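Indexing begins at 1, ligand by ligand and atom by atom, following the structure's order. Because the structure is a prediction, the values reported are computed rather than measured. As a basis for the values below, the full set of heavy atoms in this structure was taken, side chains included, without hydrogen atoms, waters or symmetry mates.
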Amino acid sequence: MAVERTLSIIKPDATRRNLTGKINAIFEENGLRIVAQKRIWMSRAHAKEFYKVHAERPFYASLVDFMCSGPVVVQVLEGENAVAKNRELMGATDPAKAAPGTIRALFAESIEANSVHGSDSAENAAREIAFFFAQTEIVG
Ligand code: ADP
Ligand code: MG
């Protein structure tokens, strides 16, 4: 295993319910260090670009609206196997299928408003981190 970084987003449904601290505690208690973090309100253009891989999916327009519906917290998490570790802590996309104790099982409202995003590969993590953060904004 190697120390990796991954891009996490605490989505609008979670910031609205003041869940940032509870979600961050789960990351920290499980060995993921928050090495960069900022609260932003994504523009439609940014949300469309960020999720463009899903542009042909039926849920794309609604997903873009949702991601712009309130502030989000974007963060870089660092730790051993951070990409896979974060996906494990998040749980399945559909909270009804997420393992007990995962962030989505605990907090998600629906398959769309599912509280968190996490990069799904090291390659996408690097691309997504560069999308949101300048090198000088990341500790270390
Ligand atoms: P994940 O976030 O687990 O990697 P995907 O990359 O497949 O999941 O989808 C991106 C996001 O799109 C999901 O986190 C969720 O917010 C939304 N989404 C995925 N599938 C659906 C669906 N069937 N209906 C509504 N929204 C969805
Ligand atoms: Mg995904």
Closest non-hydrogen atom pair between Met67 and Pro12, with its separation =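 Of all heavy-atom pairs spanning Met67 and Pro12, the closest is O-CG, 3.8 Å.
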
Nearest heavy atoms of Glu4 and Asn81, plus distance in Å |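 That would be OE1-C, 3.4 Å.
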
If you group Ile, Leu, Val, Met, Phe, Trp and Tyr whenever their side-chain heavy atoms sit less than 4.5 Å apart, what else falls in with Leu32?
-> Ile10, Leu19, Ile23, Ile26, Phe27, Ile34, Val73, Leu77, Leu89, Met90, Ile103, Leu106, Phe107, Val116

May I ask you to check whether Phe132 and His46 place their ring centres under 6.0 Å from each other?
-> no

Any side-chain donor near an acceptor of the partner, Asn24 and Gln37, under 3.5 Å | yes

Hey, can you tell me if Phe131 and Phe50 have their rings parallel, tilted or perpendicular (30° and 60° cut-offs)?
->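 Geometry flag for Phe50 against Phe131: tilted rings.
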
Residues with a heavy atom under 4.0 Å from ligand 1, by chain and number, are Lys11, Tyr51, His54, Phe59, Leu63, Arg87, Thr93, Arg104, Ile111, Glu112, Asn114

